[in-house]
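Report on the following structure.
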Amino acid sequence: MFMDRSEELIGRYQATGRGFGFLIPEEGEDCFIPPRAQGGAWNGDTVSVRITEEDPQTGRRVAKVTQVLERANKTVVGVLEKHDHALWLRPDSERLPSLIQVVTRRRSLRAGERAAVSMTSFGGDRRPPMGTLKETFGPADQRQSAVAAILYSHDIHRDFPPEVMEQTRAIPQFVQTAAMAGRLDLRDKTIITIDGASSKDFDDAVSLEQDDKGRWVLGVHIADVSHYVQPGTPLDLEAYERGTSVYFADQVVPMLPEALSNGICSLNPQVDRLALSCIMTLDREGAVVDHQIAKSVIRSTERMTYGDCNKLLAEEDPALAVKYDHILPMLKDMAALAKILDGRRRRRGGLDLETQESQVLCDENGEPVAVVLRRQGESEKLIEAFMLAANECVAEHLSRAQKPCVYRVHEKPSQEKTDALRTLVAPLGYDLKTADGPGLQKLLDWAKGKPEEGAVSMMVLRSLMKARYDGENLGHFGLAAPYYCHFTSPIRRYPDLMVHRILTAILDGKWDKEGRKLTAAVPRAALQSSQRELAAQESEREIEKRYLAEYMSHQIGEKFTGAITGVTRFGLFVMVAGGVEGLLPAEALPAGPWEYDEARLTLEGPNGRYTLGMELEVECSAADPVSGQVDFILPGGVPVPPRKSRKEEKPQPPRRKEGKGRGRAMHVPKRRKGGKKR
């Protein structure tokens with residue numbers, strides 16, 4: 001097979017921490033980057049590579065980095081160390097070089113503190129990487145410092161700048177009479193919010209009644225944040241930079257200051273609030289036959305919780321039914337309509353992905369004391385169905401009006417991903433014939449109630465493309481929706497705020513004046529919001545791992561029943577009750593050797609085979625709140641000795657040659673064979 005060895009490719013360099021890496025191009029298959037061919041690239045850098053050969057066994061292209069085009073690691077977080085009176089940072093990420101020399105004038109720094117440096121040099125030509133100290137987070141052996149460092153590394157800040165707080169303080173905490181002028185007055189309507197018991201920011205409320213033709217009239221009323229957060233103001237610029245609120249354990253880093261998110265913008269009960277209302281008329285099959293989008297003023301009748309609504313709908317609490325008898329008929333009608341909408345979505349090919357999410361419960365000191373699985377009850381599904389309906393309605397409204405919109409898009413899976421999914425589910429006994437919406441839903445339905453349900457759901461999720469924001473309407477594969485945007489959460493998502501601004505400009509008759517600026521802002525907001533959403537998700541996931549590990553550190557020796565969620569050559573990932581996932585190392589399995597099948601994700605040995613979804617009983621043998629790692633063994637097994645991590649290995653910073661002013665190349669300790677890869 002002919003191969004052009006002069007071919008140049010551009011993509012992202014993905015390091016492994018084991019000397020080699022991969023090029024992830026924008027299109028096409030990955031390329032293997034062998035040891036000493038990374039050309040000074042660090043994990044995440046955008047690079048240019050030259051194809052050098054093709055592996056005859058795998059067919060994978062082999063390449064060499066020729067140029068680093070853009071650095072990804074402008075800030076690096078790690079633990080401070082002192083060697084030969086010099087200060088060094090050992091990065092938390094094992095995908096980065098082992099030591100970075102730290103430049104600072106601060107004299108009080110101690111080894112063992114977690115810190116962040118701003119990179120000034122990425123090393124090379126026998127010079128070590130160097131960075132300027134930017135921030136310290138406290139002792140590295142504490143979960144709190146790890147959490148603070150994760151937020152910092154993703155550019156997530158708890159505090160708001162002074163100019164933002166100054167603007168916030170100038171906003172009245174009550175709706176002024178002038179602001180209600182010209183709005184649709186819905187204060188006499190029965191409108192309720194339904195949220196979690198601990199929620200404080202209520203940005204959506206719902207109402208339901210019937211018209212004179214017996215059709216449903218569903219109102220979805222969303223806090224009018226755009227009235228208070230005007231374009232170009234300090235509040236707006238800060239919200240744009242944040243892009244989204246960040247949630248973890250019992251804490252939130254909000255997109256907007258609390259006086260807005262929990263105050264004047266929150267649809268609190270029995271007070272006037274400004275809103276944007278999407279009022280949809282639906283037939284008995286759940287099809288929207290008419291709609292109205294209006295600036296409104298509402299007064300929420302009740303602040304309901306998911307727990308109470310679930311009890312009311314299940315008729316479990318007579319006293320609660322008496323307390324809320326004035327809204328109970330509407331609530332039951334809402335549940336009936338939600339089932340109709342959900343059935344309609346399922347029939348058109350929408351996926352019902354009920355992923356299991358862990359919820360960490362903390363005590364009054366913020367320490368994790370329990371882990372439970374979040375499960376959707378009837379009221380959670382009700383609100384989700386109504387929000388989906390409003391989001392679709394608004395997106396179609398703007399598309400048909402030929403006005404710009406920040407769409408929420410979800411493209412169909414690639415052929416490569418669907419082929420991989422088909423291979424993965426084959427050993428479970430399932431033949432995936434088609435990977436469209438109905439085909440994937442059949443797979444999910446087949447796995448429901450089986451031990452492998454969680455693993456199959458995760459495999460399907462990983463086979464899908466990543467949902468993102470875009471100025472072009474590309475549809476939403478997962479929902480089987482030709483039009484979709486985010487309209488319902490402007491308190492915590494910037495794209496929703498942009499959609500509100502576009503609607504407001506149209507409703508106020510100011511499109512000719514403001515339309516050009518809003519149109520130009522859409523692609524920028526879509527890209528920024530997609531990037532900030534990824535940063536929020538990554539930080540939430542990393543922080544949750546620390547809380548889960550801290551909880552599990554008090555469960556050492558306890559036995560759990562779980563299912564295999566991941567198979568690697570170095571062991572099995574097992575998820576146990578509460579959604580806690582840990583590693584069962586290959587060394588802790590019965591005597592091998594164990595052969596790893598990468599295509600089918602199995603470990604097979606003389607004593608059996610381990611596959612995705614298989615049920616296992618395991619025992620917690622170790623848990624590290626700092627790294628977030630949890631380790632399991634088989635019941636009665638011998639714990640695997642802790643692997644020596646890089647931070648425990650003897651560091652070897654560069655030394656100067658005698659009589660020379662030039663430093664010798666820094667030695668990077670090799671990863672121990674068989675060491676963990678996370």
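Owing to the predicted nature of the structure, the values given are computational and were not obtained by experimental measurement. Side chains included, hydrogens not; waters and symmetry mates left out as well; all remaining heavy atoms used.
- Considering all non-hydrogen atoms of both residues, Leu518 and Trp511 come closest at CD1-CZ3, 3.8 Å.
- Residues meeting the side-chain hydrogen bond (donor to acceptor under 3.5 Å, both in side chains) test with Arg348, sequence neighbours left out: Glu392.
- Evaluation of the salt bridge (charged side-chain N to carboxylate O under 4.0 Å, His left out) rule for Glu544 yields no partner, not counting sequence neighbours.
- The shortest distance between side-chain heavy atoms of Thr46 and Ile10 falls below 4.5 Å.
- Legend: side-chain hydrogen bond (donor to acceptor under 3.5 Å, both in side chains) pairs involving residues 276-285, not counting sequence neighbours, sorted by first then second residue: His221-Ser277, Ser277-Ser296.
- Take Glu533 and apply the salt bridge (charged side-chain N to carboxylate O under 4.0 Å, His left out) test, not counting sequence neighbours, and it matches Arg408.
- The heavy-atom pair separating Arg303 from Asp195 by the smallest distance is NH1-O, 3.8 Å.
- The aromatic ring centroids of Tyr407 and His486 lie 6.0 Å or more from each other.
- Aromatic ring centres of Trp42 and Phe122: separated by under 6.0 Å.
- When the shell of 6.0 Å around NZ of Lys403 is examined, it contains more than 12 heavy atoms from other residues, nucleotides or ligands.
- Under a 3.5 Å cut-off, the side chain of Thr301 and the backbone N or O of Ile191 do form a donor-acceptor pair.
- Sorted by first and then second residue, the ring pair (Phe, Tyr, Trp, His ring centres under 6.0 Å) pairs involving residues 254-280 (not counting sequence neighbours) form an empty list.
- Partners of Lys466 under the salt bridge (charged side-chain N to carboxylate O under 4.0 Å, His left out) rule, at least two apart in sequence or in another chain, do not exist in this structure.
- Considering only residues two or more places apart in sequence or on other chains, Asp224 meets the side-chain hydrogen bond (donor to acceptor under 3.5 Å, both in side chains) condition with Arg183, Ser226.
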Check against salt bridge (charged side-chain N to carboxylate O under 4.0 Å, His left out), Lys545 and Glu542: CA-CA 5 Å; Lys545 282 171 55 179; Glu542 287 299 310; 3.8 Å; yes
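- Residue pairs meeting the side-chain hydrogen bond (donor to acceptor under 3.5 Å, both in side chains) criterion with at least one member in residues 498-510, sequence neighbours excluded, are Asp236-Arg501, Lys295-Asp508, Tyr494-Arg501.
- Annotation: side-chain hydrogen bond (donor to acceptor under 3.5 Å, both in side chains) contacts of Asp159 (sequence neighbours excluded): none.
- The shortest heavy-atom contact between Ala535 and His154 is O-CD2, 3.6 Å.
- By the neighbour-count criterion of 12 heavy atoms within 6.0 Å, atom NZ of Lys417 is densely surrounded, having more than that number from other residues, nucleotides or ligands.
- Side-chain atoms of Gln230 come within 3.5 Å of backbone N or O of His227 as a donor-acceptor pair.
- Residue pairs that meet the side-chain hydrogen bond (donor to acceptor under 3.5 Å, both in side chains) test with at least one member in residues 250-272, sequence neighbours left out, are Arg158-Gln251, Arg187-Asp272, Gln251-Tyr547, Ser266-Asn268, Asp272-Arg299.
- You'll find the side chain of Val522 reaches within 4.5 Å of the side chain of Met498, heavy atoms only.
- Shown here is Gln537, whose CD atom has more than 12 heavy atoms of other residues, nucleotides or ligands within 6.0 Å.
- Evaluation of the side-chain hydrogen bond (donor to acceptor under 3.5 Å, both in side chains) rule for His410 yields no partner, not counting sequence neighbours.
- With Met304 as the fixed residue, the side chain to side chain contact (heavy atoms under 4.5 Å, CB included) test singles out one of Thr193, Ile383, Ile327: Ile327.
- For Arg468, the salt bridge (charged side-chain N to carboxylate O under 4.0 Å, His left out) partners two or more places apart in sequence, or in a different chain, are Glu411, Asp470.
- Geometrically, Arg242 engages Phe160 in a cation-pi contact defined by less than 6.0 Å to the ring centre and at most 45° from the axis.
- In plain terms, the two heavy atoms of Val117 and Lys134 that are nearest each other are C-CG, 4.0 Å.
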